[in-house]
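This structure is a prediction, so every number in the text was calculated from the model and none was measured.
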Amino acid sequence: MSLAQLHHTSSGPGLAAVSPGVPPGIRKAAEHLFGYVPPRGTPPHPTPAEVDRLPTAYALTALEDGSLLLSHTAPVAAGGPAGLTAHTHAVHLPHGAALPDDALPIFCWGAPQWARTTPEGGVPKPVAAFTPARQLSRSALAQFAATRTPWLADFFAAIRTLAADPASPPLVVVERDPVAVARWLALAATALPPSEAHRLTFTTYTRAPAHGHRISGMLPEDYAALDDPGRYRVLDCSAAPPPPRPVPDLWARLCARVWLAGAPGLFKETAHSPEPGCLAAAAVRTGVQVDAEARAVAAAWIAAAGPAVGQSQLAAFVTALSAAADQSDPVEAPALTGLREALRGRLTVSQLEPLTATALTAAVRTDMPRLPFLYAGDLGPALRDRLASRLRSDIRRGLTDPASPPLGRPLALLRIAETVGVDHADLLPELTSRAARAVFADPEGAAGIEEFRSTLTGSPSVRNAVVDRLDALAAEDPAAGSRVLAALPLEVDRFSAPHLLLCSLPVPEGDRVAAVEGLLRAGGLSPMTAPEALGTAARRVWAEVPPTADEARRLLAATGSDTHRAAGTLPFLLRAAFEARPDDEEAGPLATDLLNSFAPDLTARDRAALDLLLYTDRLGTPAEGAEWVRHLTEHTSAAAPLPDALRTRAERALARRLLAGDADDIAELSDLARSGNTALLAAYAEVAAEDATARRLRTDPAYAAACFRDWSSHPGATPAWDKTRLSLLTTVLRPVVRTLPAEEVRQIEHLLASHRSTLAEEFRAAHQGRLTRLTRGLTTRGRRRGTQS
């Protein structure tokens, strides 16, 4: 079979010779395409020797119908006035057709089948195929690539852009010798997939890029004379090499490395896959020196390829990658680990051992969050010892890094330290304490951290240490301990984690003191042999609020003070006393029990608080003594900061005592009025405004008379007292008196008159809403302040 040929001579009109069957449209298009403009400075009538030195133009041109013209245009010396002509010999490749043997168009450059003259008789000689030129052999191209090292990666990045985006600017390659352009084109065609290489249009020489060629070769002087060089992407190899700079395109860098290594056969081997990872993997396997990103991509590709890669190639790749990997590169480290995990089971332990050591070293040295998981048999004794020596400082530094999340990298490093034999016992307590605190703070989050889960299942010593710390935290916060057990699959028992065990058991219903005993019994624990469990059980039963004073007394009596002392539950019992309700009558007896049972263990503040509790219980009894306000204030100061419940209990107890209506509390009320203590006065006003006080005022004239007496006394003692007593007179007493029968009102007046004659008159005036000497001064002062403001 002969190729369809066309011949054209610039000195004559039209085509000089055409093979039968070439369509007329192709002939017409070719007449406009073929032409030759010699380089600048060519003499009008060059000698044959000068003509031989002129460049030929070898081109692949795309036509509108999708077919291709592969042409060879050579200058020819001519006599007469023309001086110089050019002969073009071309072959036409219909759409979808290829050269014989699928030869790539550029490799037909320089073939002896290209004619330089018109065939005799105007009939093209049959051409079945082209003989590749030795100047484009693999060895010649590899040597050429070595001379163009500074431009290689940029060139392949441009080729990748041309192939991916037909609308991208054409590439102009500037070389002093058009032969070099042909070699550039051969480098590109070898690297591209065959389907793309067959249709990459080009010309090795032109004065002005045209005809839709994606790549055009130009001489330096011609390129310098271009009117609009900005239309093109340029690779100028006639100038000084560009300064080194990173080329982002990984495929471009790989192509450059493969050619520099003289291994273009890798392009054919990997032509079935357009992914850079396939080429990168082949390059690594054969020893081509590539960068860390390429090795990472290669490792990822191999990991994903599965059975598509044979065992022998796989083993060779692992060996080569392990030797070439940069063990300090943060990009490469995760890929090494991922590859090792993907190949576990596909290669023997001995075959995988180099990669295991390399991945482990890279993961440790690059601070990679996710570290490889090692089993005892993954490393031989000799390699394990070498790794322990090599990585000891890195592992220990990572274990003590406070910036690392405690449930991630440090735990994985602990596991690795155990496997390779790096000493770490001195670091274990602090590390496991950090981990336990993080688990307690967010159990659900901890359950989602793979490193933590794998540590719990794969490292018994670390797991036991973490559980031990969790158990200690559960003793202080059993509710959090229950949340931990709900989120994490922890198996605990009464020997290794008694507090966590108690957190896992349901709380018995019913009597809460009995529930503590039942919880301990269900866990197989006794407060006598395991007193520390008593506190955990009690905190589980009383999770939200402290026990009542009665429950605390019974709990103390059930086990004795020595057990509670060993269990550390004294603060729990103190809380029951200090937070007892104001009406809890067992709070005082509980305070007595605590003072008697734990005297040496109490702080001065706790003792003062218990004394205050007992003092409030003595108010209203023969043991109350005198100077209640002073004593209460002194106890309160000694017990500061005072729990809110105890402060309220004490203040309300004093208020109730002062509001009892006794005739002998006048001096105590005076102390309150003159103290100006706003908290005590507020409690006094609050108790006085309660329904119980109103009911007594309505039913007991003597009490109503006593309250008027008290709230009318000590005017001007302090502004706070005046404000309080006047409020009580007008908002508490007056509304009640106005509802009383006249007889009861007269009885109140009689009682007040017996106390002091003017007091009854003041009561009548207050009852009628008129100003008296008791209210006039305060009202006037308030009016003056309002006027001044």
Side-chain angles (χ1 to χ4, degrees), residues 468 470-482 485 492-581 584-614 617 643 645-646:
D468 184 63
L470 289 173
D471 190 59
L473 292 172
E476 297 298 324
D477 189 353
S482 297
L485 291 173
V492 295
D493 56 47
R494 63 192 177 94
F495 301 106
S496 63
H499 302 290
L500 286 174
L501 175 62
L502 290 174
C503 292
S504 70
L505 299 173
V507 177
E509 298 181 356
D511 180 271
R512 294 191 288 187
V513 176
V516 173
E517 299 172 353
L519 196 58
L520 291 170
R521 193 163 46 249
L525 298 164
S526 166
M528 303 306 171
T529 57
E532 67 281 353
L534 174 63
T536 305
R539 292 184 184 92
R540 283 222 65 204
V541 171
W542 290 283
E544 302 297 333
V545 296
T548 65
D550 174 67
E551 289 172 334
R553 293 191 73 197
R554 289 166 53 205
L555 191 63
L556 176 58
T559 54
S561 60
D562 287 343
T563 300
H564 280 278
R565 187 176 289 107
T569 50
L570 175 57
F572 184 75
L573 299 174
L574 287 170
R575 187 179 169 209
F578 297 156
E579 297 186 19
R581 299 188 312 274
D584 190 340
E585 296 180 355
E586 292 296 318
L590 175 59
T592 300
D593 293 345
L594 295 175
L595 286 167
N596 292 336
S597 301
F598 298 100
D601 307 292
L602 295 170
T603 65
R605 173 188 170 274
D606 291 338
R607 189 176 295 106
L610 292 172
D611 287 340
L612 174 62
L613 181 55
L614 290 176
D617 276 11
L646 181 54

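Put simply, CG on L573 and CG on D593 are 10.0 Å apart, with the number rounded to the nearest 0.5 Å. In this structure, CG in L595 is found 6.0 Å from CG in L602, a value given to the nearest 0.5 Å. Taking CG of L594 as the reference point, atom CZ of R553 lies at 9.5 Å (rounded to 0.5 Å). The CG atom of L590 sits 9.0 Å away from the CZ atom of F578 when rounded to the nearest 0.5 Å. Rounded to the nearest 0.5 angstrom, H499 NE2 and D468 CG are separated by 9.5 Å. Atoms CG and CD, on D617 and E585 in that order, are 9.0 Å from each other to the nearest 0.5 Å.
The backbone N or O of E551 sits nowhere less than 3.5 Å from a side-chain atom of R512 that would complete a donor-acceptor pair. At distances below 3.5 Å, at least one donor-acceptor pair connects side-chain atoms of T569 with backbone N or O atoms of H564. At least one donor-acceptor pair under 3.5 Å links the side chain of S482 to the backbone N or O of C503.
L610 has its side chain within reach of L574: a pair of non-hydrogen atoms, C-beta onward, lies under 4.5 Å apart. Side-chain atoms of D471 and V492, non-hydrogen and from C-beta on, never get closer than 4.5 Å to each other. Two residues are said to be in side-chain contact when any heavy atoms from C-beta on lie closer than 4.5 Å; V516 and L520 meet this criterion. Residues L555 and P547 fail the side-chain proximity criterion, which asks for heavy atoms closer than 4.5 Å. Contact check for L534 versus P531: no side-chain heavy atoms found under the 4.5 Å cut-off.
Looking at D550 and R554, a side-chain N of the basic residue comes within less than 4.0 Å of a carboxylate O on the acidic one, giving a salt bridge.
Here the closest heavy-atom approach between residue A577 and residue L613 is recorded as O-CD2, 3.9 Å. The shortest non-hydrogen separation linking G535 to A567 is N-CB, 4.4 Å. Annotation for L500 and A474: closest pair CD2-CB, 3.7 Å, computed over non-hydrogen atoms. Between A475 and R539, the shortest heavy-atom distance links the atoms O-NH1, 3.2 Å. Contact record, P508 with A515: O-CB, 3.6 Å, taken as the closest heavy-atom pair. When every heavy atom of L519 is checked against every heavy atom of P506, the shortest pair comes out as CD1-O, 3.5 Å.
Every salt bridge (Lys or Arg N to Asp or Glu O under 4.0 Å) that D601 has, sequence neighbours left out, goes to R565.
The aromatic rings of W542 and F572 lie tilted to each other, with the angle between the two planes from 30° to 60°.
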